[in-house]
Structure formats: structure tokens, C-alpha cells
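Order of listing sets the numbers, starting from 1, for every ligand and every atom in it. Along the sequence shown, the residues carry numbers beginning at 1. Because only heavy atoms are used, hydrogens play no part in the values below, and waters and symmetry mates are left out as well, while side chains stay in. Owing to the predicted nature of the structure, the values given are computational and were not obtained by experimental measurement.
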Amino acid sequence: MIRVEPIPIYSDNYVWCLHDNSSAWLVDPGEFAPVESFLTRNSLKLKGIIITHCHWDHITAVPEIAALYEVPVYGPEHPSLDCKTVTEGDSIEILGTPFTVWHAPGHTLEHLIYYTNLTKTPMLLCGDTLFSVGCGRIKESGDVRQLFASIKRIAGLPKATLLYCTHEYTLANIAFAKAVDNDNTALLEREQEVEQLRKRNKPSLPTNLEQELLTNPFLRCGEPIIISQCERHSKSHLRTEEEVFVTLRGWKDRF
Ligand SMILES: [Zn+2]
């Protein structure tokens with residue numbers, strides 16, 4: 001059985017460690033010391049590394065860790081990453097379980113996410129595409145319409161799917177979501193839950209798709225309340241769910 005544990009790095013990143021109490025894989029090891037100490041402390045033998053995208057906080061420690069443990073690195077084709085390149089439709093076997101590679105551009109052009117429904121609960125390693133109650137910003141090579149399409153695709157996964165996002169942004173995301181969707185009981189309940197978790201220094205992640213469909217405005221762009229709030233904000237008539245999403249992303253950028 002695969003266990004998944006977060007290794008906090010920098011101020012708000014998580015490196016997800018998938019392991020079976022003996023062998024381990026890492027997702028986006030951006031910093032060396034906390035990752036190395038986690039593996040040593042738990043007597044885990046590293047078998048491989050997967051990368052979602054090539055921002056420095058996701059890949060900085062990759063060459064050092066890959067060399068130290070002599071393990072393969074799988075990730076997108078990108079000038080800043082030396083790895084075995086994978087792309088849409090490929091499969092990577094992690095601890096005996098195949099994960100399917102999806103190309104999920106938007107935050108950045110090369111962004112990959114990794115999905116399996118062959119674990120007890122389906123799981124998605126979603127990097128900076130989707131966060132709890134939020135989504136990734138559009139960075140240098142990114143595109144907001146591509147991000148909308150990537151997130152719509154995620155929205156079609158089974159509701160129980162666990163979402164392993166790579167930043168602890170949930171409380172800040174909730175503050176924005178409340179400005180848009182303040183009468184949403186599920187959102188207010190999620191705020192209380194996350195406040196309690198963060199007080200105890202516990203992660204608010206993973207989340208699951210069912211909870212996000214109820215609370216995350218970026219997954220709710222077809223809901224009347226989100227449409228009307230975005231139309232009020234933009235002072236324009238929004239004709240499609242994509243236009244609502246683009247407006248919402250721009251609103252959050254300046255929030
Ligand atoms: Zn990023």
C-alpha cells in the first residue's frame with residue numbers, strides 16, 4: 001500500500017513522498033536538506049523522482065538528490081531539467097502502481113500531472129495546477145485558457161480523488177473565495193477546519209475533488225453565484241464558463 005507524506009520545504013511548498021515504509025519516490029524535491037533528512041529519519045530507500053514543472057522551488061535539489069541516491073528522474077521536456085522525458089499518455093510505475101501522465105498546461109506550458117485510480121482511493125499529483133480553494137497563477141510560459149481546460153479535465157475525475165497540491169496556500173485562497181462566494185456554507189466550514197489544522201501546524205492537504213467542487217471558485221465557474229459576482233466585478237456580460245474563469249483568475253491576481 002502506498003503512503004503519501006508531505007515534506008515541508010521553503011516557506012510553503014510540500015514535496016510529496018510516496019512510500020511503502022521501505023521504498024520511496026519524491027515529487028518535486030526543490031530543497032535538499034529537509035528531503036534528505038526525511039528519507040534518512042524514516043529509513044526509506046529512494047527509487048525515483050517525478051517532476052511536475054520546472055520552477056526553481058520544484059527542481060533545485062533534483063541533480064543532487066538523483067546523484068546521491070542514483071535514481072531516475074521523470075519529468076517534462078524543459079531546458080532547465082535533465083531527466084527521462086515523459087508526456088501525455090505515458091505511464092510510470094511507482095511502487096508497483098502505474099501512474100498516467102497528463103499534460104496540464106496553464107500555470108506553465110510544460111506542466112505535467114500524474115494520476116492513478118489503481119490505489120484504494122484515486123490520487124492526482126497536481127503540482128501548481130490546482131490548489132485547495134484556488135489554482136495556479138499564470139507564469140511566464142503559461143496561459144489562462146489552457147489552465148481552464150486543464151482544470152476542467154481534473155474536474156471530471158472521480159469525486160473521491162485525492163489532490164496532492166504542492167503549496168500550502170489554502171487560507172489565503174479561502175480569503176479570496178469568501179470575497180466571491182461568501183454565503184457558501186461548505187467554504188465557511190472548510191475555513192474553520194483549515195484554521196484548526198494550521199494552528200497545529202498540520203497541512204491542509206491533500207484535499208479531494210468532492211470538497212473542491214463545493215468550495216473552490218475556480219471549479220465553480222458555471223455556478224450562478226460565481227458568474228454574477230464575476231460579471232459585477234468585470235462590469236461586463238460573460239458568455240462562457242471560460243470567460244468567467246479568466247475574469248476570476250484576473251480578479252484573484254489583484255486581490
Ligand atoms: Zn510553479
Practice problem: Would you check if the Zn ion (ligand 1) lies under 2.8 Å from any N, O or S atom of His107? | Solution: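 It does: His107 brings an N, O or S atom closer than 2.8 Å to the Zn ion (ligand 1).
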
Exercise. Restricting to N/O/S, name the atom of His55 that gets closest to the Zn ion (ligand 1).
Key: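 The His55 atom nearest to the Zn ion (ligand 1), restricting to N, O or S, is ND1.
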
Exercise. Looking only at N, O or S atoms, find the one in Asp128 nearest to the Zn ion (ligand 1) and name it.
Key: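 Looking at Asp128, the N, O or S atom with the least distance to the Zn ion (ligand 1) is OD2.
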
Do [X] and [Y] meet the criterion of a side-chain donor-acceptor pair at a distance under 3.5 Å?
X	Y	result
Thr215	Gln211	no
Glu110	Thr108	yes
Glu212	Ser132	yes

Quiz item: Around Asp82, counting heavy atoms of other residues, nucleotides and ligands shown, do more than 12 lie under 6.0 Å from its CG?
Solution: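 Atom CG in Asp82 is not packed in, count stays at 12 or less.
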
